[in-house]
There are 2 protein chains.
Amino acid sequence: MTDDYVEIARQGRLASALHTAGYKLTGPRLAVLYVLEMELCHASPQEVYERGVAIYPALGLSTVYRTLDILTELGLARPAYLGDASQRFTVHHDQRHYHLVCDACGAITDVDEDRITELACSLAAGLGFKPRGQYLEIYGLCQHCQAQPARPPVN
Amino acid sequence: MTDDYVEIARQGRLASALHTAGYKLTGPRLAVLYVLEMELCHASPQEVYERGVAIYPALGLSTVYRTLDILTELGLARPAYLGDASQRFTVHHDQRHYHLVCDACGAITDVDEDRITELACSLAAGLGFKPRGQYLEIYGLCQHCQAQPARPPVN
DNA sequence: CCGGTAATTGAAATTCTTTCTCAGCTAGAA
DNA sequence: TTCTAGCTGAGAAAGAATTTCAATTACCGG
Ligand SMILES: [Zn+2]
Ligand SMILES: [Zn+2]
Ligand SMILES: [Zn+2]
Ligand SMILES: [Zn+2]
């Protein structure tokens, strides 16, 4: 029923990583993981909290922050500024993660491109730097906003 | 004497851009520009403020924020999270800007690499995205910290 | 060189975000 | 079922960023 999220989240990639690392899979935590995995992959703690409360009403904001911290520590999320230049966003990641961020509507498109990965790695190696993860953000106008003369389609 | 900063800052790239855009070149503002241009290219507003006060004692923190906002608006700086995952950093930029960020000591190394630029542009173009600027962050361990077993050399 | 004026300023208040503390609760191993 | 280390939410606190406002100032035009 309304608790479906527990089973779904429990089977997810994030939950399994937390479990492997020795963290308990509690209700509040699973709600946060569910939100991150099924609803928002690019979100501020506040947004995660708002969605999470809808799923698990007793959820506290502290738990959202704590869970995001754990995910970051495990390399499953990272803090980033995407566009709005002020809110703290945390996003899923896989050691490498490339974004197209629209200046006009804020839309974020994930891109996967091995060539960038290779190039970045060889570049780092050439400078004696041992890379752990890499993130590229390309800002500009999405296809939709290039046509539109004016403002945001969403929000 | 102690006012050298005014002339130096006034002749800088940032001041000239602000002037062109119609902003006044005031003492406090020039102090901030001086700091950004001559002392810190990757800094938090707080750090900019601290250095700025040394140059222009009456400087207010609000002015630092306001100046950083203007620079961002003009595309001369950008907000970013680099490493510490919590402080707001603003950095200079030139439409493209690539960083090596050390997980251990926090050192930030600028890298310029045309191949990345080309690759990113062609990638974006292929997806109908019109790029304006691009930023790559590679996290990992700098040469120094690969050797060291433990903690930060700086700070 | 000298006003006049709109832009800019710092301080303080305010708001927003993040972290900390702590007493009670709970997942999960045994 | 029991036990306990780990986890929880609430509220307090700390930190960052923004807003407000009366006083000041850059700089254009005269
Ligand atoms: Zn768009
Ligand atoms: Zn993404
Ligand atoms: Zn280092
Ligand atoms: Zn840089």
Side-chain angles (χ1 to χ4, degrees), chain A residues 3 5-7 9-10 14-16 18-33 43-50 52-74 77-82 84-90, chain B residues 3 5-7 9-10 14-16 18-34 43-50 52-74 77-90:
Chain A
D3 279 2
Y5 83 90
V6 170
E7 285 316 314
R10 197 181 280 275
L14 300 180
S16 120
L18 288 224
H19 182 255
T20 300
Y23 291 99
K24 289 184 182 175
L25 298 180
T26 66
R29 211 167 255 176
L30 287 168
V32 171
L33 298 183
S44 64
Q46 188 61 41
E47 288 168 338
V48 173
Y49 171 70
E50 282 159 17
V53 164
I55 295 176
Y56 186 97
L59 182 66
L61 185 52
S62 334
T63 296
V64 173
Y65 276 98
R66 287 187 283 234
T67 305
L68 289 170
D69 283 349
I70 292 172
L71 290 172
T72 301
E73 186 181 300
L74 295 180
R78 74 174 169 122
Y81 267 118
L82 302 175
D84 326 46
S86 145
Q87 290 281 20
R88 176 187 180 183
F89 279 68
T90 50
Chain B
D3 279 3
Y5 84 90
V6 170
E7 285 316 314
R10 197 181 278 277
L14 300 180
S16 121
L18 288 226
H19 182 255
T20 300
Y23 290 99
K24 289 184 183 175
L25 297 180
T26 66
R29 209 168 256 175
L30 287 168
V32 171
L33 299 183
Y34 179 89
S44 65
Q46 188 60 42
E47 288 168 338
V48 174
Y49 171 70
E50 283 159 16
V53 164
I55 294 176
Y56 185 97
L59 182 66
L61 186 52
S62 335
T63 296
V64 173
Y65 277 99
R66 286 187 283 235
T67 306
L68 288 170
D69 283 349
I70 292 172
L71 289 173
T72 301
E73 185 181 301
L74 296 181
R78 75 174 169 120
Y81 268 119
L82 301 175
D84 328 44
S86 145
Q87 289 282 20
R88 177 187 180 185
F89 279 69
T90 51

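Protein chains get the first letters and strands the later ones, always in sequence-line order, with residue 1 at the start of each.
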Do A:Leu30 and A:Ile55 make a side-chain contact, defined as non-hydrogen atoms from C-beta onward lying under 4.5 Å apart?
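No, every pair of side-chain atoms sits at 4.5 Å or beyond.
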
B:Leu18 vs B:Leu71 side-chain heavy atoms within contact, under 4.5 Å
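Of all side-chain heavy-atom pairs linking B:Leu71 with B:Leu18, at least one is under 4.5 Å.
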
Once you round it to whole Å, what is the distance between [atom2] of [N] and [atom1] of [X]?
X: A:Tyr49; N: D:dT8; atom1: OH; atom2: C1'; value: 13 Å
X: A:Leu33; N: D:dT8; atom1: CG; atom2: P; value: 10 Å
X: A:Asp69; N: C:dT17; atom1: CG; atom2: P; value: 17 Å
X: B:Leu61; N: C:dT8; atom1: CG; atom2: P; value: 18 Å
X: B:Tyr56; N: D:dT24; atom1: OH; atom2: P; value: 12 Å
X: A:Glu47; N: C:dT17; atom1: CD; atom2: P; value: 10 Å
X: B:Tyr65; N: C:dA13; atom1: OH; atom2: P; value: 18 Å
X: A:Gln46; N: D:dA16; atom1: CD; atom2: P; value: 19 Å

First locate atom OH of A:Tyr23, then atom OG1 of A:Thr67, and finally report the distance between them rounded to the nearest 0.5 Å.
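OG1 of A:Thr67 is found 10.0 Å from OH of A:Tyr23.
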
Nearest 0.5 angstrom please: A:Arg29 CZ to A:Leu14 CG, how far?
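With rounding to 0.5 Å, CZ (A:Arg29) is 12.5 Å from CG (A:Leu14).
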
So what does [X] hit on the nucleic acid, given a heavy-atom distance under 4.0 Å: a base, only sugar-phosphate, or nothing?
X: A:Arg29; result: sugar-phosphate
X: A:Leu59; result: sugar-phosphate
X: B:Thr26; result: sugar-phosphate

Mapping B:His19 and A:Arg66 to their closest nucleotides on DNA chain D, which lands nearer the 5' end?
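Checking each residue's closest nucleotide, the 5'-ward one belongs to A:Arg66.
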
Need to verify one output field. Residue with the more 5' nearest nucleotide on DNA chain D, B:Leu25 or B:Ser62?
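Closest to the 5' end, via its nearest nucleotide, is B:Ser62.
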
Locate the shortest heavy-atom distance separating B:Tyr56 from B:Ala31; write the atom from each residue and the value.
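Scanning both residues, the minimum pair turns out to be CB-CB, 3.7 Å.
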
From C:dT8, C:dT18, D:dC7, pick the nucleotide closest to the side chain of B:Lys24?
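Nearest to the side-chain atoms of B:Lys24, counting from C-beta on, is C:dT8.
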
